[in-house]
Amino acid sequence: YAQAALRSAANCIATAPEGQRNHTLNKEVWSLIRFAKNGELSIREIANTLAAAGLASGLARPEVLATIVSAVRAGGAV
């Protein structure tokens, strides 16, 4: 289930419309934190997969990284 959720989140981010991309990235990272907390996914796996999706959507690398770090910290995963 966790892997399917990760793939779905990546797809949502990669296809998010302009103006919603950063919000979608933040929301999807936040939603997957529970899988990291229970050991089903690693933070690295979530970050790498969703960063690739964010870049594919057209977001700039610094924005992608800052959003992921912020969402992970806010979610209490680190």
Side-chain angles (χ1 to χ4, degrees):
Y1 181 79
Q3 287 296 322
L6 181 60
R7 285 190 301 274
S8 176
N11 184 58
C12 285
I13 294 162
T15 60
E18 190 170 344
Q20 292 296 313
R21 297 177 300 191
N22 191 294
H23 171 74
T24 302
L25 175 60
N26 184 66
K27 179 183 75 160
E28 295 299 339
V29 172
W30 180 264
S31 75
L32 294 173
I33 294 297
R34 69 180 188 269
F35 296 116
K37 288 181 176 180
N38 69 19
E40 293 181 68
L41 294 172
S42 70
I43 291 295
R44 176 170 286 167
E45 183 176 20
I46 293 168
N48 287 343
T49 301
L50 298 190
L55 293 170
S57 78
L59 291 172
R61 182 174 297 278
E63 184 177 11
V64 167
L65 297 178
T67 299
I68 291 172
V69 168
S70 176
V72 168
R73 285 185 180 152
V78 291

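Here the structure is a predicted model, which is why all the values come from computation and not from measurement. By convention here, the first residue in the shown sequence is residue 1.
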With sequence neighbours left out, which residue pairs that include part of [range] fulfil the side-chain hydrogen bond (donor to acceptor under 3.5 Å, both in side chains) condition?
range          : value
residues 6-18  : none
residues 63-72 : Asn22-Glu63, Asn22-Thr67
residues 47-60 : none

For residues [X] and [Y], report the shortest heavy-atom separation together with the two atoms involved.
X     : Y     : result
Val64 : Gly54 : CG2-C, 3.9 Å
Ala53 : Ala10 : CB-O, 3.4 Å
Ala71 : Val29 : CB-CG1, 3.5 Å
Ile43 : Ala36 : CD1-CB, 3.5 Å

Roughly how far apart are [X] [atom1] and [Y] [atom2], rounded to 0.5 Å?
X     : Y     : atom1 : atom2 : value
His23 : Asn26 : NE2   : CG    : 7.5 Å
Arg73 : Ile68 : CZ    : CD1   : 12.5 Å
Leu25 : Leu55 : CG    : CG    : 9.5 Å
Glu28 : Leu32 : CD    : CG    : 6.5 Å
Ile33 : Ile46 : CD1   : CD1   : 5.5 Å

Task: Residues that Leu65 engages under side-chain contact (heavy atoms from CB on, under 4.5 Å), provided they are two or more places apart - done: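 For Leu65, the residues satisfying side-chain contact (heavy atoms from CB on, under 4.5 Å) (neighbours in sequence not counted) are Arg61.
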
TODO: Using the ring-ring contact (aromatic ring centres under 6.0 Å, His included) rule, collect all pairs that involve residues 28-66, keeping only residues at least two apart or in two chains.
DONE: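 For residues 28-66, and leaving out neighbouring residues, the ring-ring contact (aromatic ring centres under 6.0 Å, His included) pairs sorted by first residue read Tyr1-Phe35.
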
Task: Under the side chain to side chain donor-acceptor pair (under 3.5 Å) test, residues paired with Glu45 that sit two or more places apart - done: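 With sequence neighbours excluded, Glu45 shows a side chain to side chain donor-acceptor pair (under 3.5 Å) to Gln3, given in chain and number order.
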
